[in-house]
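We name chains A, B, ... by the order of the sequence lines, and we start the count at 1 in each one.
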There are 2 protein chains.
Amino acid sequence: MRSPEALVERFREDGLKVTPQRQAVFSALHGDLTHPTAEIIWDRVRLQMPTVSRRTVYQVLNDLVSLGEVLVVAVDNGPTRFDPNVSLHDHFVCSICASVIDVDSDERSNVASHQTTLSDFPGFEVESVEVVFRGKCSSCASLPPASSKQHDTNTRQK
Amino acid sequence: MRSPEALVERFREDGLKVTPQRQAVFSALHGDLTHPTAEIIWDRVRLQMPTVSRRTVYQVLNDLVSLGEVLVVAVDNGPTRFDPNVSLHDHFVCSICASVIDVDSDERSNVASHQTTLSDFPGFEVESVEVVFRGKCSSCASLPPASSKQHDTNTRQK
DNA sequence: ATCTAGTCAACATCCCGTGTTGATTAGATT
DNA sequence: AATCTAATCAACACGGGATGTTGACTAGAT
């Protein structure tokens, strides 16, 4: 995602109005590396603009995705997470706290070779490749040394 | 996922009863490479057992996931998809028809090097790595040569 | 034959996201 | 400054997916 200022340009060029609500979403999302949900962004925007509607924030986020300025991170079954970082990178997903962390992949040359593998599938058009690491983040890995239930995949934090 | 017969053993060993409903889910899922949703499995089971409840099918699927016999595929925001193939493989996701296709990855040695990359994150415990390819499957790539809307990311099939 | 886990129906509830409507506000442009 | 029109708002309803609840009943496992 470009800077809020650049997005103002972009929106104007596309004939979209530059409203305070949209700008508030721009700055709420700018530089965020935590892959927030729409609800989180809404909460954040309301701190500065208490009357903004949920609908509008969802709308602006979808607009940003449609423009390719923001990516949707699809790594779990929870609510949609948004990623303003559209440059090439991977993700680590903590199986305990569900946090998503960026992983700069210097080894994308290796992944590129995966694309070669897909040439076994004639007619398929590969547009992107993402690598998802799963496991425990440093916080969750150090927390409960004992009392580890096995296969507790039904547990989900609220 | 093991064979329905082996799962019968497994369930008995774990003190779980081997009911016709559970066995029906076993065979409905066995050898399925299409990553079906719970609703699809429910429909399939009802062909042979019309009175089975939705609740029970969801329950059995969760049981299978908890036992590690079935994996959950988290590649989009739609309903949960189940994968009875627990061996090491990757996925291709069609951005048009949302179908998920297995990709045998002979290059997992490359991906292993990604795990090395994560050593930059002290304290993180990587448990699994998956590669997700996105693009158009052969069917969807050949269908509409013209009339391509740009950035139509809001469109979703029912 | 008994004990108890499973199952069932028929609800309700929750979450996430979107559709609707009609009134109002306020960018963009002239 | 006036106009046109997109955008926003409130206050809803709704939809899909999944789970919780209750109480009665069924049927594995021993």
Distance, rounded to the nearest Å, where [X] contributes [atom1] and [N] contributes [atom2]:
X	N	atom1	atom2	value
A:Asp14	D:dA7	CG	P	11 Å
B:Gln59	D:dT19	CD	C1'	9 Å
A:Phe26	D:dA7	CZ	C1'	13 Å
A:Asn62	C:dG19	CG	C1'	13 Å
B:Arg22	D:dA27	CZ	P	15 Å
B:Leu61	D:dG17	CG	P	14 Å
A:Phe11	D:dA7	CZ	C1'	12 Å
B:Arg81	D:dA18	CZ	C1'	16 Å

Is the shortest side-chain heavy-atom distance between [X] and [Y] below 4.5 Å?
X	Y	answer
B:Cys97	B:Ser139	no
B:Val18	B:Gln23	yes
B:Phe92	A:Phe121	no
A:Leu7	A:Leu64	yes

- Message: Let me spell it out: for each of A:Thr37 and B:Val60, pick the nucleotide of DNA chain C with the closest heavy atom. Which residue's pick is nearer the 5' end?
- Response: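 Checking each residue's closest nucleotide, the 5'-ward one belongs to B:Val60.
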- Note on the structure: Protein heavy-atom contacts under 4.0 Å, written 5' to 3' over nucleotides 22-30 of chain C as B (base), S (sugar-phosphate only) or - (none), form the string -----BS--
- Using the test side chain to side chain donor-acceptor pair (under 3.5 Å), find all partners of A:Ser53 that sit at least two apart in sequence or belong to another chain.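 A:Ser53: side chain to side chain donor-acceptor pair (under 3.5 Å) contacts with A:Thr56.
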- Residues which pass side chain to side chain donor-acceptor pair (under 3.5 Å) with A:Asp32, listed by chain and number, not counting sequence neighbours: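 Partners of A:Asp32 under the side chain to side chain donor-acceptor pair (under 3.5 Å) test: A:Thr34, A:Arg44.
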- Item | Positive for side-chain contact (heavy atoms from CB on, under 4.5 Å) with B:Arg81, one of B:Asp76, B:Ile40, B:Leu71 |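 With B:Arg81 as partner, side-chain contact (heavy atoms from CB on, under 4.5 Å) holds for just one option, B:Asp76.
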- Item | Spacing of CD1 belonging to B:Ile41 relative to CZ belonging to B:Arg46, to within rounding of 0.5 Å |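 Reported value, rounded in 0.5 Å steps: 12.0 Å.
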- Task: Have a look at A:Thr80 and say if it touches a base, only the backbone sugar-phosphate, or nothing, with a 4.0 Å heavy-atom cut-off.
- Result: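 Answer is sugar-phosphate: A:Thr80 comes under 4.0 Å of backbone atoms only.
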Mind checking side-chain contact (heavy atoms from CB on, under 4.5 Å) for [X] and listing every partner two or more places apart, or none if nothing turns up?
X	answer
A:Gln59	A:Arg55, A:Asp63
A:Glu5	A:Ser3
B:Val72	A:Asn77, B:Val65, B:Thr80, B:Phe82
B:Asn85	B:Asp83, B:Ser87, B:His89, B:Asp102

- Item | Residues within residues 48-56 of chain A bordering DNA chain D, heavy-atom distance below 4.0 Å |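 A:Thr51, A:Val52, A:Ser53, A:Thr56 - these, ordered by number, are the residues of the stretch whose heavy atoms sit under 4.0 Å from the strand.
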- Sequence-distant partners of A:Glu39, salt bridge (charged side-chain N to carboxylate O under 4.0 Å, His left out), two or more places apart: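 Result, salt bridge (charged side-chain N to carboxylate O under 4.0 Å, His left out) vs A:Glu39: A:Arg54.
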- Query: Quick one: ring pair (Phe, Tyr, Trp, His ring centres under 6.0 Å) pairs with a partner in residues 14-40 of chain B, sequence neighbours left out?
  - Reply: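 For residues 14-40 of chain B: B:Phe11-B:Phe26, B:His35-B:His91.
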- Task: Note the angle between the end axes of the helix from C:dA1-D:dT30 to C:dC15-D:dG16, five pairs defining each, rounded to 10 degrees.
- Result: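 The angle, to the nearest 10 degrees, is 40°.
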- N/O (side chain, A:Gln21) to phosphate O (OP1/OP2, D:dC9) under 4.0 Å: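 It does, given that an N or O in the side chain of A:Gln21 lies less than 4.0 Å from OP1 or OP2 of D:dC9.
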- For the helix from C:dG17-D:dC14 to C:dT30-D:dA1, what is the angle between the axes at its two ends, each from 5 pairs, rounded to 10°?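 Comparing the axis at each end, I get an angle of 40°.
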